[in-house]
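Every number for a ligand or one of its atoms is a count from 1 in the order of the listing.
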Amino acid sequence: MSSKCSSHSNPIFRSHPMASLLVAPPFNFAFRSVVFLVIIWIGLFCIVEISAGGDVGEVLGKGGHKQREFDYFKLSLQWPGTVCHRTRHCCSSNGCCRGSNAPTGFTIHGLWPDYNDGTWPACCNGKRFDVKEISTLLGALNKFWPSLSCSSPSNCHGGKGLFWEHEWEKHGTCASSVVGDEYKYFLTTLNIYFKYNITEVLREAGYVASNSEKYPLGGIISAIQNAFHTTPELECSGDAVEELRLCFDKNFKPRDCAVDSNTESGIVTSKKSCPRYVSLPDYVSLNVGKNDAEVSQATVHSSI
Ligand code: U2P
């Protein structure tokens, strides 16, 4: 018996590109279910990534999941003259907005435990940041580890908070086997930053903040190699140096950073790559008020 409803006899089913979906209901259902599940899975993955401030290379440990022990430290510094250039409006928590008290040399971004394969753990033990634990360090932190933005970065618990909260919860909790608790994470980072004074090394080599000079990238790298026997990692925004990173083994002896896929003999080739000649822009600070440094300190104290 020939059926008039047979797909073979119906020209619509034969010619329409979606015909195969229409003629095979069980397959159609299974296929749609798979697509649906894949979409849900991708969505959930994105939510977790975004809420932890995820980046390529990050091994997530939301909820304090155990992650493998890290291999080395990366001290990441930011050049305010470049970062602050993005400031469109001011607020008291933004170090760029301190008028004549705005930072002029490299400030701390974070001390990051990293893996040799170019990835890093994040959000490790589920502990929460408590600003009271670092109350005695706030003067130094405001000066040398300021936020250079008005936005509140994510913490590891689905919320937002201070820049220090983001750095400690995301990175510091993964370094506790070596550095210890929250207070020690900040103290250790400040000490390393003071000991390996990149701004000073560059100044001595003649590389100072300027809005007119361009410096050879090779010269900057050599100055640091000569001073600390290690090769820094550099990131730029255009030709302006934005970040400079120094790596250390777990005894805080300088070592080279893991070669990431974007790096080729010290010259980074990603979109943040530095050209052969770079600048160290001088920042003309926006001003939130006449006593900006105090405003910033007060902001932190009031949240204790
Ligand atoms: O480079 C973009 C962001 O990725 C995170 N990062 C990068 C390199 C690395 O070795 N470790 C690491 O964590 C940083 O994220 P943040 O701490 O700012 O959230 C970096 O800014």
Can you confirm whether Lys250 is buried at NZ, in the sense that more than 12 heavy atoms of other residues, nucleotides or ligands lie under 6.0 Å from that atom? yes
In terms of atom number and element, which parts of ligand 1 are under 4.0 angstrom from non-hydrogen atoms of His171? 12 (C), 13 (O), 16 (P), 17 (O)
Taking only non-hydrogen atoms of His166, do any sit less than 4.0 angstrom from ligand 1? yes
Looking at Trp120, Trp112, Tyr72, the heavy atom closest to atom 14 (C) of ligand 1 belongs to Trp112
Quick check: are the SG atoms of Cys247 and Cys257 less than 2.5 Å apart? yes
State, without any angle test, whether Trp79 and Glu243 hold a side-chain donor-acceptor pair at a distance under 3.5 Å. no
Taking a cutoff of less than 4.0 Å between a non-hydrogen atom of the residue and any ligand atom, is Lys272 in contact with ligand 1? no
Only one of Phe129, Tyr183, Phe163 passes side chain to side chain contact (heavy atoms under 4.5 Å, CB included) with Trp168, and that residue is Phe129
Any side-chain heavy-atom pair of Leu246 and Phe73 under 4.5 Å: no
Which option out of Glu58, Glu233, Arg245 puts a heavy atom nearest to atom 1 (O) of ligand 1? Arg245
Centres of the Tyr193 and Phe144 rings: under 6.0 Å? yes
Numbered atoms of ligand 1 (with element) below 4.0 Å of Glu167, judged on heavy atoms: 16 (P), 17 (O), 18 (O)
Mind checking whether Glu243 has a heavy atom under 4.0 Å from ligand 1? no
For Lys74, the atoms of ligand 1 under 4.0 Å from one of its heavy atoms are 9 (C), 10 (O)
